[in-house]
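Notes to accompany the following structure.
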Amino acid sequence: MALDMASTGYMLVCTALVQLMTPGLAFFYGGLVSDLSVLTMMMQSFVSMGLATIVWYIVGFSLCFGESWGTVGSPTTYAFMDGVHVTEALSQAKEIPGLLFVAYQGMFAVITPALMTGAFADRFRFK
């Protein structure tokens, strides 16, 4: 099946909007804590964004969408984005480029740990 340009454009916009949720969440959490903890809360969100992105592109996508090992996917199916192309669709999303599908799903992998940082607001400090 050929790539659909309208679906690709829509998914690019959706990916960008989901990506903006993490800095927005950092500012939201920063407004909820005391003055001394604002920078700590924002740093937790941004550090989790960096770590989750690295883990997602190395092995996370494979664990979620790789060949099935029962409950998880094989970590070697798409390890380091092997077999993911900009001009070809994946079997999970047949109308958009594979790399766009990876990026869109990755945005949710990024915001999930950032959401969890709210559970230990004012309880943890970066030093």
Side-chain angles (χ1 to χ4, degrees):
M1 179 176 259
L3 297 177
D4 182 20
M5 296 305 287
S7 295
T8 300
Y10 179 76
M11 289 302 296
L12 281 170
V13 170
C14 291
T15 302
L17 290 174
V18 175
Q19 185 177 15
L20 288 174
M21 290 169 64
T22 303
L25 186 69
F27 285 112
F28 175 71
Y29 283 160
L32 292 177
V33 296
S34 65
D35 291 344
L36 296 173
S37 299
V38 171
L39 187 59
T40 297
M41 284 306 299
M42 294 181 80
M43 285 301 296
Q44 287 174 11
S45 292
F46 286 110
V47 167
S48 69
M49 184 166 71
L51 290 175
T53 300
I54 291 167
V55 170
W56 179 255
Y57 283 100
I58 290 174
V59 73
F61 183 73
S62 289
L63 289 173
C64 293
F65 296 101
E67 295 174 11
S68 180
W69 277 9
T71 56
V72 297
S74 169
T76 60
T77 305
Y78 297 114
F80 294 95
M81 296 296 106
D82 183 38
V84 177
H85 303 286
V86 176
T87 57
E88 298 175 15
L90 296 175
S91 61
Q92 294 87 354
K94 297 184 183 349
E95 294 185 348
I96 61 173
L99 194 57
L100 178 58
F101 180 72
V102 171
Y104 179 71
Q105 296 296 330
M107 291 302 108
F108 291 101
V110 163
I111 198 164
T112 302
L115 286 168
M116 291 178 205
T117 61
F120 45 89
D122 279 336
R123 296 182 182 99
F124 177 80
R125 294 214 185 273
F126 274 104
K127 290 190 179 192

* To do: Starting from the C-alpha separation in whole Å, work towards a yes-or-no answer on side-chain contact (heavy atoms from CB on, under 4.5 Å) for Met21 and Leu17.
  => CA-CA 7 Å; Met21 290 169 64; Leu17 290 174; over 6 Å; no

* Among residues two or more places apart or on two chains, list those pairs meeting side chain to side chain donor-acceptor pair (under 3.5 Å) that have a residue in residues 72-88. => Ser74-Thr76

* Applying the 4.5 Å side-chain criterion to the ILVMFWY set and letting contacts propagate, would Val47 and Ile58 be lumped into a single cluster? -> no

* Is Leu32 reachable from Ile111 through a run of hydrophobic residues whose side-chain heavy atoms are each under 4.5 Å from the next? -> yes

Nearest 0.5 Å, what's the [atom1]-[atom2] distance between [X] and [Y]?
{"X": "Arg123", "Y": "Ser37", "atom1": "CZ", "atom2": "OG", "value": "11.0 Å"}
{"X": "Phe46", "Y": "Leu39", "atom1": "CZ", "atom2": "CG", "value": "10.5 Å"}
{"X": "Gln105", "Y": "Phe65", "atom1": "CD", "atom2": "CZ", "value": "4.0 Å"}
{"X": "Leu25", "Y": "Gln44", "atom1": "CG", "atom2": "CD", "value": "11.0 Å"}
{"X": "Leu100", "Y": "Leu3", "atom1": "CG", "atom2": "CG", "value": "9.5 Å"}
{"X": "Met41", "Y": "Asp122", "atom1": "CE", "atom2": "CG", "value": "8.0 Å"}

* **For Tyr29 against Ala114, the heavy-atom pair lying closest together** =>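 Minimum heavy-atom separation between Tyr29 and Ala114: CE1-O, 3.4 Å.
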
* To do: Tell me, yes or no, whether the heavy-atom count around Tyr10 atom OH, taken from other residues, nucleotides or ligands under 6.0 Å, exceeds 12.
  =>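 No, because the 6.0 Å sphere around OH of Tyr10 holds 12 heavy atoms or fewer from other groups.
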
* Asked: Who are the ring-ring contact (aromatic ring centres under 6.0 Å, His included) partners of Phe108, not counting sequence neighbours?
  ->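 Once residues adjacent in sequence are excluded, the partners of Phe108 under the ring-ring contact (aromatic ring centres under 6.0 Å, His included) criterion are Tyr104.
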
* To do: Give the intermediate values and the outcome of side-chain contact (heavy atoms from CB on, under 4.5 Å) for residues Thr112 and Met116.
  => CA-CA 7 Å; Thr112 302; Met116 291 178 205; 3.6 Å; yes

* Asked: So Leu90 and Phe61, side-chain contact (heavy atoms from CB on, under 4.5 Å) or not? Walk me through it.
  -> CA-CA 12 Å; Leu90 296 175; Phe61 183 73; 3.6 Å; yes

